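Here the structure is a predicted model, which means the values were calculated and not measured. One-based numbering, in listed order, for ligands and for the atoms of each. For the numbers below, each heavy atom of this structure counts, side chains included, while hydrogens, waters and symmetry mates do not.
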Amino acid sequence: MAKFIFVTGGVVSSLGKGIAAASIGCLLESRGFKVSIQKLDPYINVDPGTMSPFQHGEVFVTEDGAETDLDLGHYERFTSQESTKGNNFTAGRIYLQVIEKERRGDYLGGTVQVIPHVTNEIKSVIREQAKNADIAIVEIGGTVGDIESLPFLEAIRQIQLEEGSVNALFIHLTLIPYIRASHELKTKPTQHSVKELLSIGIQPDILLCRTEYQIQRDMKAKIALFCNVKEEAVITARDVEHVYECPLYFSEEGLDYIILKYLGLPLQERHLERWESFVERLKHPEDSVTIGIVGKYIKYEDSYKSLKEALVISGVANNCAVEIKWIEAEEIEKQGAREVLENIHGILVPGGFGERGIEGKMAAVRYARENKVPFFGICLGMQLATIEFARSVLGLKDANSTEFDRNTGNPVFYKLRDLLGDETYGGNMRLGKFECLLRKGSRAENAYGTNSVGERHRHRYEFNPAYKDLCEQKGLSITGISPDNKFVEIVEVREHPWFLGCQFHPEFKSRPLYPHPLFREFVKASYKNRIEGKTEK
Ligand code: GLN
């Protein structure tokens, strides 16, 4: 039977609950426990798939094709978890399940209520996900005090009552603000936030106090007294330069030790050596390289969370810091590609939806191709790289994706249903992991070091096979293909130092200790370009 750790947040949002939960997972895994991390989000959307990246950040896609909260990306990067649909539930999805049961008559004529029906549904998804773990960490989204989170908090309160406090812990993340005028850290907001939790029957066992400065003993004693926790359970969660340092700081504060003590679990030896050495290399790069990301959600970096982390991680693999230059595609349309991209060592066009900025991205592709700047196109980026090639090299001036021009004479990308001739696919996306076979001797095969890989997808449009032969003849190789030969997954420009586009999203599978091969090779090629090329540092 798994033990539970519930992570809640108070005072303000964006304190880094996801990173905290992921760090706890990392520490417990380093002590040999099998961990699962689940996120429960109180909003009404059934999943974040339809939410704008500007509002909610990146949609993280799991192997089994769930569109989930970006915190699941942290969970996967900090632990060995391979998330599934069960790792992320929203209030909307819970209510949907309850309403479907009600329509089926499962409640046998009873009045369906938040307590117990909604709370029971929440408890059952928590328990289901905990089945194969020693310790199940459950992060409750939102901030304590929000109306929406109440059923979730009630459900975890009940679980602790049912399981006993040695089997279920509450960890609360709060803020200890620093007041500059009086040079003081303040504990009052934390006291109020704990009071809020207490009013719904939850006594936190451990407080993670997010602060700019280390909390001294006397202040810890004060917080402990007012919040009714042990002094050892008041943990400083200091601001850090790199999120990957968090598990190390938490362990210095004794967090893993007290969690195991409170849960009555053995204090198995900790093995964090590889993580420590990753952080060490991250903090002390030997050199640097500048990568330009040409996108349309760049004002809100969370929109490209996994992408950014994949680049940072690959920098470490190449002993260099990756400086990311975020470039608004429309800026290229206004100023011209050379003006914007001149001092950049590698260009990446990421995934995206909709027409805005398309021509700017296409100009970036062309600049990279013609000037031999390493290029990495992901999903939409791969589609645009192919379209640009079709226009400039194949001479098909109107080449396009039917996403942007329904009536184009040269639909180089078209809908899945056109490819499969199957109406049932309609407007649906291809989601989750699909196998891809790699061509012998290609850049992709060299990078992966194998001839078959599984990668995650999230898109509606596909390469139109009618253009395959022409592309091959003129220098765009199709180096990744689905086993049934229907889907083009990877394209590479042959006469180029490094130019690769993939239809899938490799950023979701890059982890600190396992940098993704394509990102690693792209950063390597970009660094080589910096060293050998004329581009200024
Ligand atoms: N808009 C494109 C499609 O739907 C690309 C999607 C993406 O980049 N994730 O196919």
So which protein heavy atom does [atom] come closest to, and at what separation?
| atom | answer |
| --- | --- |
| atom 10 (O) of ligand 1 | Tyr461 N, 2.9 Å |
| atom 7 (C) of ligand 1 | Cys379 SG, 3.0 Å |
| atom 1 (N) of ligand 1 | Glu403 OE1, 2.8 Å |
| atom 9 (N) of ligand 1 | Arg458 O, 2.8 Å |

Test item: side-chain donor near acceptor, Gln97 and Glu121, under 3.5 Å: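 The answer is yes; a qualifying pair exists.
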Between Ser306 and Arg77: side-chain donor-acceptor atoms closer than 3.5 Å: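 Judged by distance alone, the side chains do pair up.
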Any N/O pair [X]/ligand 1 closer than 3.5 Å:
| X | answer |
| --- | --- |
| Gly351 | no |
| His505 | yes |
| Gly352 | yes |

Residue portion contacting ligand 1 (non-hydrogen atoms closer than 4.0 Å) for [X]:
| X | result |
| --- | --- |
| Arg460 | both |
| Glu462 | neither |
| Met429 | neither |

Phe519 and His516 aromatic ring geometry - parallel, tilted or perpendicular at 30°/60° bounds: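 Aromatic pair His516/Phe519 classed perpendicular.
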Salt bridge (Lys or Arg N to Asp or Glu O under 4.0 Å) between Arg391 and Glu359, intermediate numbers included: CA-CA 12 Å; Arg391 286 186 189 176; Glu359 294 304 323; 3.4 Å; yes
Arg458 to Phe508, cation-pi by 6.0 Å centre distance and 45° axis angle: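 The answer is no; the distance or angle limit is not met.
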The single option from Glu76, Glu82, Glu63 passing salt bridge (Lys or Arg N to Asp or Glu O under 4.0 Å) against Lys509: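 Between Lys509 and the candidates, salt bridge (Lys or Arg N to Asp or Glu O under 4.0 Å) is satisfied uniquely by Glu63.
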Full working for side-chain contact (heavy atoms from CB on, under 4.5 Å) between Glu507 and Ile378: CA-CA 9 Å; Glu507 68 271 29; Ile378 294 178; 3.7 Å; yes
